[in-house]
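As structure tokens, the structure follows; a few thoughts come after it.
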There are 2 protein chains.
Amino acid sequence: MTKNADPTHPCGKCAFYSDSVWQPAEPGSVSVLAAGFSRQELEVGQDLFEQDAENRAVYCVSRGLIGLRTHHSNGKSTLLRLAYPGEIVGFRSFLGSGRHQTEARALLPSRICTVVRRDANRIVHDNPSVLARLMDRCVAEIDRSHERIIATATTSNKQRLSALLLRLMGHFGEQDGDSFEMRLPLSRSDLADLIGVQPETMSRLVKRLQNDGNFSFSGRGVWITPGRLTEEILARRS
Amino acid sequence: MTKNADPTHPCGKCAFYSDSVWQPAEPGSVSVLAAGFSRQELEVGQDLFEQDAENRAVYCVSRGLIGLRTHHSNGKSTLLRLAYPGEIVGFRSFLGSGRHQTEARALLPSRICTVVRRDANRIVHDNPSVLARLMDRCVAEIDRSHERIIATATTSNKQRLSALLLRLMGHFGEQDGDSFEMRLPLSRSDLADLIGVQPETMSRLVKRLQNDGNFSFSGRGVWITPGRLTEEILARRS
DNA sequence: GCGCGTCATTGTCGATCGTCAATTTCTGCG
DNA sequence: CGCAGAAATTGACGATCGACAATGACGCGC
């Protein structure tokens, strides 16, 4: 086991985790946590996999934040999804036969629990419950996309940005007395992608949100909230 | 076998179909097409299942058009997805454990191939390839949602409406000399839902599209295209 | 410390959208 | 045939957005 690792759990919150799958490896083994599981640490900006690459494994975000981005043929790109701790990445191309349709890159220092494709196939074969969990995740992704489609059509950009910031704050914000603060791991363009607007519009949205008084942004990437929305954030902490 | 049914195929284009699954039933049996398969016909407006109902089966659209609609708590509703012939409906709540999150209603007279839940479980258990196909479908739904999210953010409403109409025309349009025509099975509100705008905006979009000369709408629900986009439509015919 | 490139902001403009409301058209039914 | 209700259209308005361009701030390497 790796030093300081939780002996009862290979990679923190992990949708792949199953009692029947995971047994503690013998002491001394470092990267292989259990049969089929390995762990890796990613620096900010490091790729987990590239777009169009063949699927080699299924990944679970143990710590940090992974951004899924698709590059279009015209040279532009869109940040499609954020994978928070506990979420699975790469299941789309694992379940469907194929290549990654997105690039996965660490937006924060991240710990990833990896199950290479062959092991994943074996695990899934031996443990139907793991497959069920994978499919649940797949279904959840559909639900999430549908919610996003509905939200795009029915709520204002300001509301959607507000919701996104609160979600991020729930995961990565640090409480400081009555308020929260965090380093925003996303550029303005990234934020713009996630709610479906142009970067310039995002700048203006940020300003308007700040004028409303619920958020305050200082410099690039760093921002603070006065206590108004504290309860909202705490409610998002699980 | 049912009279006039294609003996080589239980329900026309059907993603559930598999050589190893389907054997012709004995002559005389009407609704049961093969082990686990049955068929039903839906009139326009008839429900395949209701929102919040428990999943009882997986369905495949053999003919016609099914609309998936979610009702929100505020009394409004949104048409989320159109299921064209060959597509599977109900897989979300079948794979995930749960209830339907949408209502499924026939928008055209439709033929549905039904596999009740227990049979579907057995079929999936005996035929991993069928499960694989189901998961493929699930993954495809994710892809489609992602495309829609990207399209909403990057293309104009006019473009998206145009694309939607061409898709419908490819499925249901009837060629008339150099042009196509069809009875539009969707109300203006439905169209508005599908591209994420308000009904009033849809009215204006329709008018603008008509002024551009590629489409012409007559009365409610009926519309015709002059030959300009004929090739586009033919390309969509598979 | 300087320069360069990227990112962010700001300004301006026209186009489009959402909303409210009024009007017209359509459809089903008696 | 006429009526009533729903759907569709149209008008008007303010708010917002996307596009383009210019400016400003920041980070990074030399």
Side-chain angles (χ1 to χ4, degrees), chain A residues 43-45 67 69 71-72 74-79 105 107 149-162 164-165 183-212 215-223, chain B residues 43-46 67 69 72 74-79 105 107 149-162 164-165 183-212 215-223:
Chain A
E43 301 296 322
V44 172
R69 174 183 298 276
H71 297 270
H72 310 120
N74 59 7
K76 312 221 170 186
S77 69
T78 306
L79 185 61
R105 178 168 294 178
L107 302 175
I149 289 172
I150 294 177
T152 304
T154 60
T155 68
S156 72
N157 291 339
K158 210 164 76 173
Q159 285 175 297
R160 294 210 305 288
L161 174 58
S162 201
L164 171 61
L165 290 176
R183 287 212 49 136
L184 191 59
L186 301 168
S187 71
R188 296 290 192 265
S189 283
D190 293 337
L191 291 175
D193 284 346
L194 290 172
I195 70 167
V197 297
Q198 301 301 114
E200 299 96 326
T201 300
M202 176 53 63
S203 262
R204 297 189 165 94
L205 281 177
V206 163
K207 195 201 286 183
R208 270 197 285 155
L209 228 54
Q210 190 158 220
N211 287 341
D212 290 351
F215 298 92
S216 78
F217 301 76
S218 61
R220 166 140 69 169
V222 191
W223 63 283
Chain B
E43 301 296 322
V44 172
Q46 219 176 332
R69 174 184 299 276
H72 310 120
N74 59 7
K76 313 221 170 186
S77 69
T78 306
L79 184 61
R105 178 168 293 179
L107 302 176
I149 289 173
I150 293 176
T152 304
T154 60
T155 69
S156 71
N157 291 337
K158 210 164 75 170
Q159 284 176 297
R160 295 209 304 288
L161 175 57
S162 202
L164 171 60
L165 292 176
R183 287 213 48 137
L184 192 58
L186 301 168
S187 71
R188 295 292 192 264
S189 283
D190 293 337
L191 291 175
D193 285 346
L194 290 172
I195 69 167
V197 297
Q198 302 300 114
E200 299 94 328
T201 300
M202 177 52 63
S203 260
R204 297 188 166 95
L205 281 177
V206 163
K207 196 199 288 180
R208 271 198 284 155
L209 228 53
Q210 190 157 221
N211 288 341
D212 290 350
F215 299 92
S216 79
F217 301 76
S218 62
R220 166 141 68 170
V222 191
W223 64 284

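Naming: A, B, ... by sequence-line order, numbering from 1 per chain. Basis for what follows: all heavy atoms, side chains included, without hydrogens, waters or symmetry-related copies. Given the structure is predicted, the values throughout are model-derived calculations rather than measurements.
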A/Lys207 side chain near C/dA8 phosphate (N/O to OP1/OP2, under 4.0 Å): no
Kindly say if B/Asn157 contacts the phosphate of C/dC17, meaning a side-chain N or O under 4.0 Å from OP1 or OP2. yes
Validation row: B/Leu191, B/Leu164 side chains within 4.5 angstrom (heavy atoms): yes
For atom CZ of A/Phe217 and atom P of D/dA25, their distance in whole Å: 19 Å
For residues B/Asp193 and B/Leu186, determine if any side-chain heavy atom of one lies less than 4.5 Å from a side-chain heavy atom of the other. no
Take the protein atom CZ of A/Arg188 and the nucleotide atom C1' of D/dA25, then report the distance between them rounded to whole Å. 12 Å
Selected nucleotide, minimal atom distance to B/Arg208 side chain, candidates D/dA8, D/dG18, C/dC17: C/dC17
Can you find a heavy atom in the side chain of B/Leu165 that is under 4.5 Å from one in the side chain of B/Leu209? yes
Assess whether one donor atom and one acceptor atom, taken from the side chain of A/Arg204 and the base of C/dT12, lie less than 3.5 Å apart. yes
Closest to side chain of A/Glu200, choosing from D/dA8, D/dT10, C/dT10: C/dT10
Residue closer to the 5' end of DNA chain D, A/Lys158 versus B/Ser187 (nearest nucleotide): B/Ser187
Atom-to-atom span, CG of B/Leu205 to P of D/dT9 - whole angstrom: 11 Å
Position toward the 5' end of DNA chain C (nearest nucleotide), B/Thr201 or A/Pro199: A/Pro199
What integer distance in Å separates B/Asn211:CG from D/dT9:P? 13 Å
Length of the CG-P vector between A/Leu209 and C/dT9, whole Å: 13 Å
Looking only at side-chain atoms of A/Gln198, point me to the closest of C/dT9, D/dA19, C/dA21. D/dA19
pair B/Leu161-B/Lys158: side-chain heavy atoms closer than 4.5 Å: no
